[in-house]
Amino acid sequence: MHRFANPARFTRIADRVLPFVAVATAAALGVGFYMALFVAPPDYQQGESVRIMYVHVPSAWMAMFIYVAIAVASAVALIWRHPLADLAAKASSPIGAGFAFLTLVTGSLWGRPMWGTWWEWDGRLTSMLILFFLYLGHMALMHAFDDQQRGYRAAAILALVGVINIPIIKFSVDWWATLHQPASVFRLDGPTIHPSMLWPLLITAVGFKLYYVTVVLLRIKSELIAARLRALDLARLKAS
Amino acid sequence: MKGLVIVIGRDLRLALRQSADAWLAVLFFVLTATLFPFGVGPEAATLRQIAPGVIWVVALLAVLLSLERLFLADFEDGSLEQLLLSPLPLEVAVLGKVAAHWLTTGLPLIAAAPLLALLFHMEPAGLLTLLLAMLLGTPVLSLIGAVGAALTLGARRGGVLIPLLVLPLYIPPLIFGVGATESALSGLSARPDLLLLGALLLVMLLVAPLAAAAALRQALE
Amino acid sequence: MTLFEGRNLDCRRGGRDVFAGLSFELPAGGALLLTGANGSGKSSLLRMLAGLLRPAGGAILWDGQPVGEDPGAHAARLHYLGHLDAVKPVLSVRENLRFWASLREGAEGQGAEGDGATAEDAGGGEAVPDDSVLGESGRLEAALDHFALGDLADVAGRLLSAGQRRRLALARLLAQPAALWLLDEPSVGLDHASVGRLAAAIAGHRARGGSVIVATHTALDLPDALPLSLDALAPPPLPEMIW
């Protein structure tokens with residue numbers, strides 16, 4: 001019965017991999033943030049507040065990356081009915097929502113000195129806000145059913161519909177934003193970004209990815225343990 | 001094709017015999033819109049400026065209100081499993097139900113839209129574009145809504161959940177719908193927005209029945 | 001000769017194994033009587049055989065072909081009667097029945113393949129083309145009459161009693177032919193005379209070469225039906241869930 005063999009193998013592999021990913025996460029984030037805070041130069045216009053970018057931009061990348069990852073996991077879960085794919089989607093959703101939220105908060109903080117307001121209906125921020133709502137819908141649907149399997153499958157279909165809609169939403173929001181206001185300030189200046197800014201950005205981005213891997217592995221593991229406890233409970237109920 | 005017509009005919013007949021449901025959406029549409037002058041003041045200039053946005057947002061909410069009953073009755077009385085077990089592909093049955101939903105919800109909203117345009121002092125120049133945009137946009141609302149309604153069947157808080165799932169996906173038709181109307185009002189071409197709405201309709205005609213049918217299948221497992 | 005077959009079927013609902021290793025063989029014209037305690041999975045098995053529920057393991061074969069390969073053809077060859085009657089309160093009895101019948105008739109193109117697979121299914125409309133137009137409405141009235149609904153034909157569904165609604169659901173079986181009937185507690189709410197009519201309908205169906213699988217707690221006259229008890233198939237209380 002592969003569905004029971006797999007979790008065992010997964011847990012074994014995860015236990016072996018987890019320490020390394022966790023250490024790598026800490027190292028990458030440590031180095032990345034150090035470089036972002038102390039090595040990278042301040043911006044000639046924005047001053048020190050440009051350092052928010054080193055959290056804001058990788059968070060935005062992660063928020064989008066994780067939604068795509070959920071969609072891939074959902075497709076695997078729907079086509080092959082692989083239980084680990086369901087768990088991966090369930091475990092990823094709150095992390096993605098967290099990164100989307102972090103993007104929104106850092107965007108607001110970063111924009112404050114320039115706009116003079118805590119929120120502007122900037123194209124990129126608005127798209128991120130909608131992505132955040134998509135994450136909330138995914139999480140709510142996942143937990144809306146008494147039968148967890150039902151929740152997995154409904155959320156998987158929603159994730160696939162969502163991933164088709166994300167480019168449409170992005171395009172329509174850009175379309176709308178250009179009508180109403182000038183281009184975004186959250187912009188890396190083309191391909192010629194200076195290495196002193198690029199390196200901290202890339203290293204924190206790698207750190208965020210590793211963080212995601214660590215937390216997803218941990219969350220899947222705890223889901224498996226919870227499932228095992230439920231199975232034991234049920235078995236005891238039947239035996240008595 | 002014949003199966004599609006049969007499903008549409010049956011749902012239309014059901015809707016007409018329970019016509020209170022269909023009236024409810026239109027009533028909500030008009031009533032909610034009349035709240036805005038109390039909120040923002042009755043100055044003609046202000047109302048004229050917000051007219052396209054208000055009409056679209058309120059139309060969208062009216063459609064949202066009607067979504068829960070799209071599959072719920074059939075789900076609860078066993079019709080849905082019979083529909084799934086009929087030789088008609090479930091995707092076609094979904095398309096039929098969505099078409100009937102649009103005919104009983106979207107179309108009445110379009111019919112009521114000129115009244116709101118009048119109440120909000122909208123320039124007559126924009127009216128035709130508004131109606132055209134609604135003709136393209138409201139089916140998109142029904143199609144996306146069908147996916148949300150199908151996904152939440154049997155959920156603990158189905159009715160509350162639908163807006164959370166559906167509203168973010170309603171933003172593109174809202175943007176293009178309002179965009180078309182505003183372009184026409186400011187003397188620009190509404191063509192790009194209308195074409196985008198049409199493209200969106202085509203995409204959703206393909207995606208939504210597939211996704212909704214998949215959702216219904218797993219709701220019946 | 002085996003027409004419909006289940007091999008080693010496993011059923012898993014809500015993280016719980018309901019039954020495992022269930023097998024059966026059903027010939028054309030045969031009947032299978034499902035028995036078992038509450039929760040033993042009779043309804044789940046019928047839903048599985050109808051194609052509503054995917055088995056966790058095993059295979060369901062029609063004429064040697066897995067039914068999952070063409071769910072549309074499988075749906076076309078069966079009638080499933082679940083706990084719910086699928087009766088619309090605002091439609092009359094005849095309208096209710098006509099909708100379901102016309103849906104099958106309307107999609108005969110897709111269904112023809114499935115019907116053709118069973119040579120015994122003499123009820124298939126396409127065998128006798130001139131019968132098909134007149135036959136549809138005639139068959140519908142005959143179905144209403146068989147379950148004594150003729151006088152109620154124009155009454156709205158919401159006015160029916162539970163037993164009358166059940167009879168209307170049963171009339172679907174006769175309004176359009178299908179090779180396989182899957183009946184989940186078909187006699188719930190029926191009076192004595194109606195149970196007799198149901199037995200007669202099943203007997204007629206089998207005489208025409210149709211097969212039937214019934215789950216029931218009440219006595220239903222099913223001559224030489226093969227019994228299938230699900231009680232023995234419950235998995236051990238402590239399965240290999242504990243990895």
Side-chain angles (χ1 to χ4, degrees), chain B residues 1-23 69-97 100 104 150 153-156 209-210 213-221, chain C residues 11-14 44 46-56 70-92 95-96 98-115 156-158 165 169 172 176 178 180 182 184:
Chain B
M1 237 335 119
K2 196 180 159 201
L4 183 70
V5 174
I6 292 172
V7 173
I8 296 176
R10 176 246 195 188
D11 269 34
L12 280 182
R13 187 178 297 193
L14 286 175
L16 289 179
R17 297 214 181 147
Q18 296 157 316
S19 52
D21 286 356
W23 280 110
R69 67 183 157 91
L70 184 51
F71 296 114
L72 194 58
D74 281 343
F75 178 69
E76 284 174 344
D77 70 13
S79 298
L80 204 56
E81 58 190 22
Q82 291 299 330
L83 216 48
L84 173 53
L85 291 175
S86 80
L88 190 69
L90 190 57
E91 288 77 8
V92 177
V94 167
L95 202 58
K97 289 191 73 68
T104 53
L153 277 184
R156 279 194 295 265
L210 281 177
L216 292 180
R217 278 197 192 93
Q218 54 99 13
L220 288 167
E221 270 213 355
Chain C
C11 176
R12 208 177 147 70
R13 300 289 282 157
S44 295
L46 284 171
R47 294 181 74 81
M48 203 179 265
L49 297 178
L52 288 168
L53 187 64
R54 210 196 285 204
D70 191 350
H74 187 58
R77 71 170 76 99
L78 69 84
H79 273 307
Y80 166 79
L81 182 81
H83 294 287
L84 301 165
D85 297 320
V87 171
K88 283 288 162 198
V90 292
L91 297 184
S92 75
E95 284 170 331
N96 265 298
R98 192 188 293 134
F99 168 67
W100 295 114
S102 63
L103 212 51
R104 292 186 159 254
E105 170 200 343
E108 214 156 28
Q110 283 107 336
E113 214 180 327
D115 286 347
R158 74 188 129 86
R165 272 206 306 276
R172 277 205 312 270
Q176 280 287 319
L180 175 66
L182 303 169
D184 196 354

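Labels below follow one simple rule: chain letters A, B, ... track the order of the sequence lines, proteins then strands, and each chain is numbered from 1.
Between chain B and the options C/Val90, C/Leu78, C/Val87, C/Leu53, the largest number of non-hydrogen pairs under 4.5 Å is found for C/Val90. Per-residue heavy-atom pair counts under 4.5 Å with chain C were compared for B/Leu90, B/Val5, B/Val7, B/Asp74, and the maximum is reached by B/Asp74. Chain B forms the most heavy-atom pairs under 4.5 Å with one residue out of C/Glu95, C/Met48, C/His79, and that residue is C/Glu95.
The parts of B/Gln82 that come within reach of chain C are both its backbone and its side chain, each placing non-hydrogen atoms under 4.5 angstrom from that chain. Proximity to chain B is limited to the side chain of C/Arg172, based on heavy atoms less than 4.5 angstrom apart. In this structure, no portion of B/Ala93 lies under 4.5 Å from any heavy atom of chain C.
At least one side-chain heavy atom of C/Arg47 sits less than 4.5 Å from a side-chain heavy atom of B/Leu220.
Contact between B/Pro209 and B/Leu95 at its shortest, heavy atoms only, is CG-CD1, 3.6 Å. Closest approach of C/Ala50 and C/His74 over heavy atoms only: O-CD2, 3.7 Å.
Remark: B/Arg69 engages no residue in a side chain to side chain donor-acceptor pair (under 3.5 Å) (not counting sequence neighbours). Annotation: side chain to side chain donor-acceptor pair (under 3.5 Å) contacts of B/Glu76 (sequence neighbours excluded): none.
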